[in-house]
Amino acid sequence: MARKKIREYDSKRLLKEHYKRLSGKELPIKSAQVTESTDFNELVEKEPWLSSSKLVVKPDMLFGKRGKSGLVALNLDLAQVASFVKERLGKEVEMGGCKGPITTFIVEPFIPHNEEFYLNIVSERLGNSISFSECGGIEIEENWDKVKTVFVPTGVSLTSEIVAPLVATLPLEIKGEIEEFLKTIFTLFLDLDFTFLEMNPFTLVNGKPYPLDMRGELDDTAAFKNFKKWGNIEFPLPFGRVMSPTESFIHGLDEKTSASLKFTVLNPKGRIWTMVAGGGASVIYADTVGDLGYASELGNYAEYSGAPNEEEVLQYARVVIDCATANPDGQKRALVIGGGIANFTDVGATFSGIIRALKEKESKLKAARMHIYVRRGGPNYQKGLAKMRALGEEIGIPIEVYGPEATMTGICKQAIQYITAAA
Amino acid sequence: MATGQLFSRTTQALFYNYKQLPIQRMLDFDFLCDENSNFVFVGRETPSVAGIINPGAEGFQKLFFGQEEIAIPVHSTIEAACAAHPTADVFINFASFRSAAASSLAALKQPTIRVVAIIAEGVPEADTKQLIAFARSNNKVVIGPATVGGIQAGAFKIGDTAGTIDNIIQCKLYRPGSVGFVSKSGGMSNELYNSIARVTDGIYEGIAIGGDVFPGSTLSDHILRFNNIPQVKMMVVLGELGGRDEYSLVEALKQGKVTKPVVAWVSGTCARLFKSEVQFGHAGAKSGGELESAQAKNQALRDAGAIVPTSYEALEAAIKETFDKLVEGGKITPVKEITPPQIPEDLNSAIKAGKVRAPTHIISTISDDRGMLGTFDALICEEPCYAGVPMSSIVEKGLGVGDVISLLWFKRSLPRYCTQFIEICIMLCADHGPCVSGAHNTIVTARAGKDLVSSLVSGLLTIGPRFGGAIDDAARYFKDAYERGLTPYEFVEGMKKKGIRVPGIGHRIKRGDNRDKRVELLQHFARTHFPSVKYMEYAVQVETYTLSKANNLVLNVDGAIGSLFLDLLAGSGMFTKQEIDEIVGIGYLNGLFVLARSIGLIGHTFDQKRLKQPLYRHPWEDVLYTK
């Protein structure tokens, strides 16, 4: 629930649809999306310009520097585009240290151009800043000193006076057009709950602004106001983040409930696994294992909060335990069921779901030589902890249980001591 | 109040969107609050919640303030609440993420409101920015969104902050200490109250600013405020990766604006373990650029002069060391410890804990609307039951209203011929024209412009010994006579001697040669389906005798239903003798008439309304005026 990057295709789709509504003018943007499931014949029927114009094709995967990485092809016909896509679809690339397959491309008309302008709008705490440069394009970083920025405080509308410093040096014949464009884009940014928008570059076609490259981020918490305006919007995972089936399953659970359920596998062969209540505490448990020098043994990051019901906790805990016990190689393992002192979550109730999962998975836990370390406080914690202690005796798995009298992360150290002790 | 102080022992709040538990927790905290200035315990004089705003509702909510129950006014609008409670300057907003921004802005616009705390998680960023801008230009404070709130020890707390009373006592939050604390995470704030209480004299004030990208107030806003509060001797900050909030604190430290020791830790050092960008539990906690990393922020805080431990594990020790130094330097006077009073335990929690038991005041055996908890495709299904039979099976089996009556009145599933008989009785008794007393009353009432229920009830109220109430009596007398083995002659003459008319016998219009069709239908059905009709045969014998006395003394519909119901109860084999006596004794059978006739009376009401009939006035000509 936060700022989410969207694909270039969606950014341009929103721009085209809403530019007209907000300004009464048409932006002649054309773009098509190509994925594994695209049938080029069908696509041409919907977008006839594909067969009549020269085209540009590039990956639409939330990463930048595509031109510099040789992933943009210019001035192709449709057949060439199809073969460009075919050669690269599903192939893994490495961008900025993240590896992942390319699954989505964007195809657009090839626009020969001279001017390349840079435009960037970012949401900040007290307003929004707008940056603009006449020297945009792939050399923007080399020309950073030419980028001009103005700040528009929250609630203040973008007047010509505020825009003036950005467009002051433009030739008179295009100045008015670009000023209007900036104002409309800013209105659109606010109207659609963008938190970030960048065009690098946009150019002029017949004297009218035309974005060639675009990046956008939306505030997904504003979805309830915008679902009509956004249409069928996709919030892809960050590039390189490929979800395993178990992670996708938890992601699906998370989307369905009002509670928060997060699960990321860091090292499937890791020997310390965590299942921690609370957004703040979960990060600190992962930190602590790392700070104690055992980052390499940390199996996962997992957080549950916002009062999930017993059934949700059960399904969640099953997945964590399955992953934690997937590699019984004779070595010792530890499961850290941690959390701070809850303000209002009923600890007894959330532990019931975890306990059911632990009972179900008794033999797997034993096969993985799992010891369990529990620490939690909050409403009804005495009952929750007592049930955990009783469970240890019932299923014959060592479970160390602590309440608010112990430090929150003390069990991390214990877990490490157990897995590192001889035999 | 010192500059920067937001709350005091007299602070009162308005609470938006009624939630019983957090308000009760606030009031319980009030009861425990002590300013620690005397050796005797002095709780808060006024409850910390002055009023509740529940859109569309007005009145009062009963809550406990210590031992006593108090009524807190409920208002339907923010404006009305502010006007009624001009000294309440804190607005605690429990609205959903959809409406939290609008209600918070409305509250900020009220001149009496100084602080707004927003609990909801998922408030759109642009909306929060509006609130930030408004609060800044009007010198007001926003705490949250996505927070549990905050607490000033021994004075005032927001909503669920600091959790249970046990925890508040454990963390000594009922009296002020010397530490100012601010964190992003609401959950971790409670953990830190506990840690801080372990190694210092406790919290003076603690605030959770919330996990959003742009919280309404920042870490440094509160640290600068704490710096102005004389009772705060040191500060503890718990930050988080993502965003640049911590850098405004770094700036404040560098500029020398913070003169008291600050112990700080930024969590999220684990982010570098993740290969791609990761969204942690909080909206603002997103791994991004190097500057936003926990490592960089910790280093920047350390460089700016904050005390930054090497890990979260070492945070508690760093707090202790800092506090001990202040004590050695004589900067902190030891707190005089006082035992807070015991809060009376809530009945519900005591029952849950198995400490007390309480008698119930109502018992019900025929239906259960709490639903049966069952697992169906991981969904929890809830469905009401009639006498243990779930609603779905009633519908799926195609059961009728007779079966429902069987479940709710007799608490068992009677065979279909029995329930069909019940349905026939209802159909036959549903109406008997506009002239009978019940329908007449209903018509008069409906024409007087009264509503459906009044019209129906005025008709039903005529049902009794003279109108429609004879089924039970018929059953009682026939049963008694049959069981005592009286001949029809002995029975009828015996009744005559006692001066009682035989119920179920006699009709205004029908004659021996013109039987009531309804009686014939019932008798035919029973002869076809009932295993035994001995009571009905007895009633027929009685009729034969009475007809010999007068031609209008026929078995009427009451007598037929009464006698046949005895056959149903006895013949079905599903009732003990004792149960049958009870059914007849309580007067179940008149229930059939009441239920059936309601159908007709409702029809008459609608009929009159549809026909737009005016007020009925009985004509003078039809009244004998006499002395």
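Chain A is the first sequence line, chain B the second, and so forth, proteins listed ahead of strands; every chain is numbered from 1. As the structure is a computational prediction, the values presented were derived from the model and not from experiment.
Summarising the geometry of A:Lys225 relative to B:Pro124, their closest heavy-atom pair is CE-CG, 4.0 Å, with the distance given to 0.1 Å.
One side chain, A:Ser123 or B:Glu125, offers a donor N or O that lies under 3.5 Å from an acceptor on the other. Counted by atom type alone, A:Asp287 and B:Thr269 present one or more donor-acceptor pairs between their side chains at under 3.5 Å.
Taking chain A as the reference chain and counting heavy-atom pairs below 4.5 Å, the highest number among B:Ser267, B:Ser183, B:Gly187, B:Ala314 is found for B:Ser267. By number of non-hydrogen pairs under 4.5 angstrom with chain B, the leading residue of A:Gly378, A:Pro404, A:Ala295, A:Gly155 is A:Pro404. For chain B, the option among A:Asn128, A:Thr345, A:Thr154 with the highest count of heavy-atom pairs below 4.5 Å is A:Thr154. Note on A:Gly290, A:Pro379, A:Pro153: by heavy-atom pairs under 4.5 Å with chain B, the leading option is A:Pro379. In terms of heavy-atom pairs under 4.5 Å with chain A, the best-connected choice from B:Ala162, B:Pro215, B:Gly159, B:Ala126 is B:Pro215. Interface remark: of the candidates B:Asp166, B:Thr164, B:Thr128, B:Thr164 forms the most heavy-atom pairs closer than 4.5 Å to chain A.
Only the backbone of B:Thr161 has a heavy atom closer than 4.5 Å to any heavy atom of chain A. In this structure, chain A has a heavy atom under 4.5 Å from the side chain of B:Asn167, while its backbone stays farther away. In this structure, no portion of A:Leu190 lies under 4.5 Å from any heavy atom of chain B. In this structure, chain B has heavy atoms under 4.5 Å from both the backbone and the side chain of A:Asn343. A:Ala302 does not touch chain B: none of its heavy atoms, backbone or side chain, sits under 4.5 Å away. Neither the backbone nor the side chain of A:Lys99 comes within contact range of chain B; no heavy atoms are under 4.5 Å apart. For B:Pro22, no part lies near chain A; criterion is any non-hydrogen pair under 4.5 Å. With a threshold of 4.5 angstrom between heavy atoms, A:Ala286 approaches chain B through its backbone and through its side chain. Proximity to chain B is limited to the side chain of A:Phe224, based on heavy atoms less than 4.5 angstrom apart. A:Glu405 touches chain B through its backbone: at least one of N, CA, C or O sits under 4.5 Å from a heavy atom, while the side chain does not. Looking at A:Thr409, the atoms closer than 4.5 Å to chain B (heavy atoms on both sides) sit in the backbone and in the side chain alike.
One finds the OH atom of B:Tyr312 at 4.0 Å from the CE atom of A:Met408 (value rounded to the nearest 0.5 Å). With rounding to the nearest 0.5 angstrom, the OG atom of A:Ser258 is 10.0 Å from the CD atom of B:Glu121. Note that the SG atom of B:Cys270 and the CD1 atom of A:Ile284 stand 9.5 Å from one another [nearest 0.5 Å].
Within the 3.5 Å criterion, the main-chain N or O of A:Leu126 finds no donor-acceptor partner in the side chain of B:Lys129. B:Asn190 places a side-chain N or O within 3.5 Å of a backbone atom of A:Ala342 that can act as its donor or acceptor partner.
The shortest side-chain heavy-atom distance between A:Thr407 and B:Arg198 falls under the 4.5 Å cut-off. Within the 4.5 Å cutoff, no side-chain heavy atoms of A:Asp291 are placed close to those of B:Thr310.
Using a 4.0 Å cut-off between charged side-chain N and carboxylate O, B:Asp245 and A:Arg125 make no salt bridge. The pair A:Arg375-B:Glu191 meets the salt-bridge criterion, with a side-chain N (NZ, NE, NH1 or NH2) lying under 4.0 Å from an Asp/Glu carboxylate O.
For A:Glu141, the CD atom is loosely surrounded, since the number of other residues' heavy atoms within 6.0 Å does not exceed 12. Crowding of A:Phe344 atom CZ: a count of heavy atoms from other residues, nucleotides or ligands under 6.0 Å not exceeding 12. Residue-environment remark: NZ (A:Lys229) exceeds the threshold of 12 foreign heavy atoms within 6.0 Å. Counting non-hydrogen atoms of other residues, nucleotides and ligands closer than 6.0 Å to NZ of B:Lys19 gives a total above 12.
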